Protein chains: 2
Amino acid sequence: MNPFATHFESLEEFADRVSELLQCPITIEDANHRLIAYSGHEHYTDPARTATIIHRRVPERVINSLWREGVIPKLLQGEEPVRVAEISEVGLGNRIAISIWKNKEVLGFIWAIEMNKPWTEQQFHLLKQAAKAAKNLLLQLQIRKHKKEERIQEFFWKLLTGHVSSPHDIVEQCHQLNVHVYPFFSVGIFQFQQQIQTQVERQIDYLLKTTQQLAIPLYTIDHQRLIVLVAPSSNVYGESHIERFFRSFMTQMKERFRVDIMMGAFGNVYECYTKIAKSYEEAQTVLKMKRAFPHQLANIQSYQHLGMYQFFDLLFEQKRHGDFHNVALEKLKQYDAQHHTNLVETIETYLDCDSNVNETAKTLNIHPNTLAYRLKRISEIGNIDLSNMSEKVKLYIDMKLDKYRTT
Amino acid sequence: MNPFATHFESLEEFADRVSELLQCPITIEDANHRLIAYSGHEHYTDPARTATIIHRRVPERVINSLWREGVIPKLLQGEEPVRVAEISEVGLGNRIAISIWKNKEVLGFIWAIEMNKPWTEQQFHLLKQAAKAAKNLLLQLQIRKHKKEERIQEFFWKLLTGHVSSPHDIVEQCHQLNVHVYPFFSVGIFQFQQQIQTQVERQIDYLLKTTQQLAIPLYTIDHQRLIVLVAPSSNVYGESHIERFFRSFMTQMKERFRVDIMMGAFGNVYECYTKIAKSYEEAQTVLKMKRAFPHQLANIQSYQHLGMYQFFDLLFEQKRHGDFHNVALEKLKQYDAQHHTNLVETIETYLDCDSNVNETAKTLNIHPNTLAYRLKRISEIGNIDLSNMSEKVKLYIDMKLDKYRTT
DNA sequence: CAAGCTTTTGTGGATTTCCACAAAAGCTAT
DNA sequence: ATAGCTTTTGTGGAAATCCACAAAAGCTTG
């Protein structure tokens with residue numbers, strides 16, 4: 001006989017019922033570790049559960065340690081209950097957890113705290129029945145969610161493409177769609193190796209929903225790209241927070257799901273939501289430049305740190321009109337061609353290395369004095385003053401623009 | 001009785017007549033020291049005269065030494081003959097010279113070589129009569145010239161403003177107007193302190209016609225500006241030749257005529273005459289930037305050496321659209337305002353000094369360690385990697401663009 | 001192949017930069 | 001005024017840079 005074969009008014013009622021039967025506190029989460037319901041009976045509760053209930057989601061450090069311990073992977077693999085030994089660093093007591101399935105998809109989890117004595121077979125059996133029963137209750141939630149999701153997606157694309165009216169209207173619509181408005185935001189893009197499949201979509205959703213490093217009020221997926229609206233909590237360190245989140249997102253996608261992300265990029269942090277399109281464009285520029293200069297920009301993610309490459313599209317356009325041709329560079333190229341030398345490569349590396357002699361010499365595998373000699377020749381042949389910042393800048397940009405052309 | 005009161009078929013005939021009467025070689029030049037006529041009698045001739053006749057103009061070094069010796073100023077001051085002692089460095093023997101006047105204007109000069117014995121009063125008197133007689137002969141030459149000049153001026157303005165057809169047509173017209181076509185050229189501009197008066201125009205004409213450092217096939221005057229088409233003899237060192245010419249032109253205007261030229265600038269060296277308009281624009285850009293950055297560009301004359309400032313008009317235009325706003329710079333400015341520090345000035349000077357610690361510290365009158373400390377703070381506050389060329393470039397350009405805005 | 005050029009590498013010493021540490025001076029807020 | 005912060009200046013030693021000079025190696029050309 002199934003003790004859950006009745007109708008439940010709410011998930012809370014269901015949680016209470018499970019708690020009653022198992023004689024322990026019960027927490028029900030969705031697939032992204034957001035709190036859905038919890039039992040209210042007076043039992044002992046560990047700090048992790050308290051925090052989960054207060055913030056309506058499982059703290060990220062708890063999730064992380066559950067991944068590290070292999071608990072979540074096990075839950076995602078099968079329908080069997082998993083016993084979790086105490087993890088005192090994150091305030092987690094002894095637990096029993098089980099995943100809630102619909103077909104091949106995990107809808108959520110039920111967590112029980114293992115009180116004083118070990119569970120009996122009977123209790124495990126009850127928990128499995130509870131997980132089956134929870135399925136239908138969760139499904140109803142999901143359907144409601146999906147409809148809203150679609151409208152939100154459409155709204156996000158409007159923002160990204162600049163099809164928006166006034167700031168006031170944006171805020172209005174956010175409220176209608178129940179999207180929280182944050183004071184600062186930036187648009188980020190993750191470029192994946194391949195088209196993003198449904199399976200990966202779910203994993204992305206999981207990571208974005210569980211992260212607590214910053215808020216992600218909106219996101220969407222487009223072919224090989226994941227586009228996110230990120231909202232750092234502070235303006236001053238906003239950028240470094242986003243930076244950190246991007247790195248951790250990419251490593252987690254790799255470590256947890258074996259999904260490689262080629263690169264991530266994000267635009268400037270703005271306040272007014274009408275600037276979303278701009279931030280999005282900036283993020284796209286970063287991706288474009290990273291493709292053109294993979295080596296130099298390997299560690300760059302933000303438009304802010306794109307440095308002079310911010311100008312490149314503009315300058316390149318002008319250069320195509322035949323402007324800015326650099327006599328010095330042409331002379332060096334000609335000399336290289338005629339004498340089988342490497343003056344252009346030398347000066348480019350030298351500037352890449354921020355005019356650091358030792359570093360440059362090492363990179364080029366030459367003696368520092370050889371470098372000094374070459375630099376002397378370069379300034380002679382190209383008629384360049386290498387201790388003049390403005391001339392160096394011109395030369396550097398022109399060389400990089402040359403490379404940009406060939407990509 | 002006036003021995004020159006007859007009709008002369010040509011200036012050569014006149015020169016021969018003078019030579020006969022004075023018993024010495026005679027050379028007649030226009031106001032710009034171009035050879036107009038010379039006597040053909042067999043007399044001793046000094047090397048300076050030989051060179052003058054062969055090249056159809058007085059060699060520049062001879063002109064320069066005549067200025068240095070004060071001969072030419074004296075000739076320009078009055079109508080009296082001037083005795084010139086031998087200047088052996090330039091191959092000039094003992095000479096007598098006199099200027100040819102029309103109203104207050106010098107039309108040219110008559111040069112006589114003083115043979116073995118000193119001249120008699122009688123000879124000086126004859127020379128003065130000859131100078132008077134030469135006036136009418138020279139005037140006829142001038143009228144013919146002026147008409148041609150006007151058509152050339154119009155042609156030059158067409159070239160400068162890009163109202164030209166094909167390269168072939170240009171060459172065609174040059175031939176018609178008797179303007180020599182050179183393989184390389186650049187357009188230069190001199191910016192004068194005031195509107196250029198007729199008096200100064202004549203002095204400009206004088207210097208341009210007498211220089212032999214490079215060819216000046218065309219020039220024109222426009223309010224406070226003198227615009228020249230300069231043709232260096234070589235492509236490789238063309239630029240430095242133009243540079244040298246510009247400097248000497250400016251010092252000579254000042255030293256010889258007390259005329260101050262604010263600055264000079266010239267565009268790139270091109271081969272095809274259709275690029276005249278472009279070179280002209282480049283020269284204008286140099287002037288514009290020199291006005292905006294008088295300190296940094298004090299010694300810059302060529303578009304080539306304008307370095308990164310070449311980009312500024314373009315970048316500035318984009319910046320006005322609100323692009324490229326530099327968070328790092330804004331943070332530094334804010335910090336400066338709040339804490340009464342000089343971080344922005346410090347980093348700007350540091351970059352001006354090509355990241356040279358000692359030089360920067362001296363310029364700012366601070367201890368090198370103070371500079372090091374400030375740089376550390378700058379990289380912290382602005383979140384800038386000061387050993388990354390690209391970031392430095394971005395910051396530098398943004399700071400200079402800021403300054404550009406305020407001019 | 002020999003002469004004359006450019007290029008690379010080496011040596012040594014003066015100068016500059018970098019870094020860590022510390023004292024002193026200046027500013028701000030309680 | 002005092003405590004706590006930032007900023008400036010000082011000291012000294014390790015490391016890097018700069019410079020002059022020279023030997024050796026590599027190319028080009030007659």
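The chains referred to below are lettered A, B, ... by the order of the sequence lines, with proteins before strands, and numbering in each begins at 1. Fair warning: this is a prediction, and the values are worked out from it, not measured in the lab.
- Shown here are the salt bridge (charged side-chain N to carboxylate O under 4.0 Å, His left out) partners of A/K333, two or more places apart in sequence or in another chain: A/D402.
- Taking the nucleotide of DNA chain C with the nearest heavy atom to each of B/S355 and B/Q338, the more 5' of the two is matched to B/S355.
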task = I would like to know whether A/K394 and A/D398 meet salt bridge (charged side-chain N to carboxylate O under 4.0 Å, His left out); could you show each step before the answer?
result = CA-CA 6 Å; A/K394 173 75 165 76; A/D398 279 335; 2.3 Å; yes
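- Partners of B/H55 by ring pair (Phe, Tyr, Trp, His ring centres under 6.0 Å), not counting sequence neighbours: none found.
- One interatomic measurement links the two molecules: NZ of B/K376 to C1' of C/dC21, which rounds to 12 Å at whole-angstrom precision.
- Between the CD atom of A/E380 and the P atom of C/dC5 there is a distance of 15 Å, given to the nearest Å.
- Comparing B/H340 and B/N358 by the nucleotide of DNA chain C that holds the closest heavy atom to each, the one mapping nearer the 5' end is B/N358.
- With hydrogens and angles left out, the side-chain atoms of A/S248 and A/Q213 include a donor and acceptor closer than 3.5 Å.
- Scored by the side chain to side chain contact (heavy atoms under 4.5 Å, CB included) test, B/A265 finds B/V286, B/L287 as partners (sequence neighbours excluded).
- Atom NZ of B/K362 and atom C1' of C/dT15 are 11 Å apart (whole Å).
- Proximity of B/N356 to the phosphate of C/dT16: no side-chain N or O atom is located under 4.0 Å from OP1 or OP2.
- The end-to-end axis angle of the helix from C/dC1-D/dG30 to C/dT30-D/dA1, rounded to 10 degrees and based on five pairs per end, is 40°.
- Between B/Y350 and B/N356, the side chains place no donor N or O within less than 3.5 Å of an acceptor N or O (distance only, hydrogens not considered).
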note = Once base and sugar-phosphate atoms are separated, protein heavy atoms under 4.0 Å mark nucleotides 3-11 of chain D, 5' to 3', with B, S and - as ---SBBBBB
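- Rounded to an integer number of Å, the gap from CG of A/L375 to P of D/dC19 is 11 Å.
- Residue pairs that meet the salt bridge (charged side-chain N to carboxylate O under 4.0 Å, His left out) test with at least one member in residues 347-356 of chain B, sequence neighbours left out, are A/K392-B/D354, B/E348-B/K400, B/E348-B/K403, B/D352-B/K400.
- Surrounding NZ of A/K278 are more than 12 heavy atoms belonging to other residues, nucleotides or ligands, all under 6.0 Å away.
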